[in-house]
Amino acid sequence: MADARNIRQHLEALLDAAVRAAVVAHDLPDVPVPGSAIERPKDAANGDFASSLPLRLARAAMKPPIAIAEVIAGHIAADPAIDPPTVAPPGFINLRLSNAFLQSQVEQVIALGPGYADLTLGKGKKAQVEFVSANPTGPLHVGNGRGAAIGDALASGLAAAGYETEREYYVNDAGTQTDTFGDTLYARYQQLFGRDVEIPKDGYPGSYMAVLAREIKDEAGDAFLRPAGEFGPPELNTRGIEVMVEHIRDTLEHFGVRYDRWFSERSLYDPGGAYSEAMDLLAANGQLVEREGARWFTSSELGEDKDNVVVRSDGRPTYYGSDIAYHFDKFVRREFDLVIDVWGADHHGHVSRLKTATQAVGADREALQVLLYQLVTLKRGGEIVRLSKRSGEIITLDELIDEVGADAARFFFLLRSPGAQMEFDLDLAKKQSNENPVFYVQYAHARLAGILRHGAEQGLTPEGGDVSLLTQPHELALIREMMRLTEVIQLVATTYEPQHLPHYAMSLATAFHALNDAFKQQNDSSLKTITDDAEMSRARLRLVQAAKISLARVLGLMGMSAPERMERAEAAIEA
RNA sequence: GCGGCUGUAGCUCAGUGGAUAGAGCAUCUGUCUUCGGAACAGAGGGUCGGGGGUUCGAAUCCCUCCAGCCGUACCA
């Protein structure tokens, strides 16, 4: 039987069969038929699904589209999932789901639970989403939060689509930034012992470095101190990175993000690590050359603008060299079928050459997807602040979570498509008012929970409810909206665009709020969920139960909580 | 210079070949001692940056121009 997960394919099959039948009956010339004929009409008045196939066939078939539509519609077999098809100018075939089918979906959602809309399109495939991966040279800032929200939701979406999914953080604990970090840390550390030392030029001026130095002094005393004028010990650097990574991990856990793996860049250079193997492979392919004292990957022969250095003239690998090894590890060693790297847009110059290198070490170019998100502009008190870790003036993700809450921050980050520059209005996100859409969605869930509680107090539960009693337009509209989740999951998992989740969540919440208030609007208390009619009440509670499952699922995919009740903490005070 | 992203309602943004271009906020009008009103119903508001082209059909695809952001390192 058809359900939310396969209704589209079911209708396509019905349509295909109708076209074939029309051809066999000589009602339609035997012309090539374009695929994927089922669409979603924008206007609900045109049905739940529609086909523009007649418009596309008109030329080849040499008949008016409307006539073709009539012919095909006439050959569509009767099906319990749909009402008889209708035809609309200039040549659409409109399909409407039957009430009986919609009602049955309430039972289906309850029977299948939170996974009712999950797909199998990624079944048997391993996917990895790598995100945030900020240098552990400072605390995460607001921009990293956007990457975290996007990457985490994307991973959830892929998992819902059937992929075996891992979340990974790439820890850049090697390289020049790390050295600069170490130098700055040692300067701050020495300052704590009264030495008049300046922070290196191009160092990290932020006060958090002084805090970090203090932390390390507290735990290790002067163990890292060297005679004046000498360099600091590498162990200080290592410890500094460790502590920073711990802080980053705490921040992300606060944000509700949990990684399956924290992958150390340094580990690439361990004996048996991916670096030497990947470089050997490129060398064996004749794709490495020595030039100007450095080692270059001859990427221009593979279509890149230019060759790129992988090992500097001083013998240290570049970031590019590391990344080649890292992606060799992902694809060749760990055999991921799909890898999504979520990066800030300022890295976009790196995308093409990394894909090329990935290809050179034997992976499919398209198996690596790089999702770029544009940088976040912060607005506070009408003032626009650009984010920069190096300026020292940053607003951290921790501060954002404290002020706004993790749920609201995530929702705002997800709402914008990754490619769009976004303005994050701190004052707005902080508001606990109806200007803030996150409360709208969560409130809908709390209301659903409230109705179930209210019913239970009167001895009414969803058990035994007869869904065939659900015939009100608002009730059926809510079921239609619940069914759409599967399309949203598919969209997220195939386009890697998580912004569809919050938009869907809002329309699902709207469908419920509208249902919930219909009795007031129509001034008819028999439309309430809990009425004098116990049978009717049980049927509606069943719908409420299913809707709650649905909304909780979307909130879960976005990494947000689904509250059973709302706290109105400060709203009254501010008012 | 070259390359990438972006340009849609007053604001923030969805919509990536279909029917009258949507949402939230803001503005205005109703509902209103609520199965929790952080709600619902409705209204006004658009030359989809400009100009060409492809198509039965374009916000969507192609070309071109304009504006903003980013990149074009032996930084990451």
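Naming convention: chains lettered A, B, ... in sequence-line order (proteins, then strands); numbering from 1 in each chain.
- Side-chain nitrogen and oxygen atoms of T176(A) include at least one within less than 4.0 Å of the OP1 or OP2 phosphate oxygen of A76(B).
- The side chain of R59(A) contributes no N or O atom lying less than 4.0 Å from OP1 or OP2 of U55(B).
- Under the 3.5 Å distance criterion, with hydrogens and angles disregarded, a donor-acceptor pair is assigned to the side chains of Y269(A) and S322(A).
- The base of A19(B) sits with one of its N or O atoms less than 3.5 Å from a complementary donor or acceptor on the side chain of N94(A).
- Side-chain nitrogen and oxygen atoms of Q521(A) include none within less than 4.0 Å of the OP1 or OP2 phosphate oxygen of A39(B).
- Of the P atoms belonging to A23(B) and C56(B), the separation is 32 Å, rounded to the nearest Å.
- Aromatic stacking is not marked for F92(A) over G18(B), as the cut-offs of 5.5 Å for the centres and 30° for the planes do not both hold.
- Contacts between residues 538-552 of chain A and RNA chain B, defined by a heavy-atom separation below 4.0 Å, involve no residue at all.
- Atom P of G36(B) sits at a distance of 42 Å from the matching atom of G18(B), rounded to the whole Å.
- Qualifying side chain to side chain donor-acceptor pair (under 3.5 Å) partners for N172(A), counting only residues two or more places apart in sequence or in other chains: E265(A).
- Going from atom OH of Y320(A) over to atom C1' of C74(B) covers 14 Å, rounded to whole Å.
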(message) Please convert RNA chain B into dot-bracket. A pair counts if it is Watson-Crick or G-U wobble with both distances under 3.5 Å; crossing pairs go in [ ] and bases paired with another strand get |.
(response) (((((((..((((....[...)))).(((((.......))))).....(((((..]....))))))))))))....

Return the polar atom pairs (N/O with N/O) between nucleotides 8-12 of chain B and the protein under 3.5 Å, or none.
from, atom 1, to, atom 2, distance (Å)
U12(B), O2', R416(A), NE, 3.4
U12(B), O2', R416(A), NH2, 2.5

Under 3.5 Å, sequence neighbours excluded: what are the donor-acceptor pairs made by side chains of residues 340-349 of chain A?
from, atom 1, to, atom 2, distance (Å)
D341(A), OD1, K330(A), NZ, 3.0
D341(A), OD2, H327(A), NE2, 2.6

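- Side chain to side chain, T377(A) and Q421(A) fail the donor-acceptor criterion of an N or O pair below 3.5 Å.
- For D314(A), the salt bridge (charged side-chain N to carboxylate O under 4.0 Å, His left out) partners are R316(A), not counting sequence neighbours.
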With a 3.5 Å cut-off and sequence neighbours excluded, list the donor-acceptor pairs that the side chains of residues 511-519 of chain A form with protein atoms.
from, atom 1, to, atom 2, distance (Å)
H513(A), ND1, R447(A), NH1, 2.9
H513(A), NE2, Y440(A), O, 3.3
D517(A), OD1, R447(A), NH2, 3.0

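- With sequence neighbours excluded, the residues that form a side-chain contact (heavy atoms from CB on, under 4.5 Å) with S300(A) are D307(A).
- Remark: the R540(A) side chain and the T531(A) side chain contain no N/O donor-acceptor pair separated by less than 3.5 Å.
- Within the structure, a side-chain polar atom (N or O) of K520(A) is placed less than 4.0 Å from OP1 or OP2 of G37(B).
- Every residue was checked against the salt bridge (charged side-chain N to carboxylate O under 4.0 Å, His left out) condition with E304(A), not counting sequence neighbours, and none meets it.
- The side chain of R312(A) contributes an N or O atom lying less than 4.0 Å from OP1 or OP2 of A76(B).
- For R410(A), the salt bridge (charged side-chain N to carboxylate O under 4.0 Å, His left out) partners two or more places apart in sequence, or in a different chain, are D152(A).
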Distances for protein N or O near nucleotides 1-3 of chain B N or O, under 3.5 Å:
from, atom 1, to, atom 2, distance (Å)
G3(B), N2, H348(A), NE2, 2.6

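- To the nearest angstrom, P of A38(B) lies 19 Å from CE of M506(A).
- With hydrogens and angles disregarded, no donor-acceptor distance shorter than 3.5 Å links the side chain of Y326(A) to the backbone of A274(A).
- Taking E70(A) as the reference, nothing meets the salt bridge (charged side-chain N to carboxylate O under 4.0 Å, His left out) condition, with sequence neighbours excluded.
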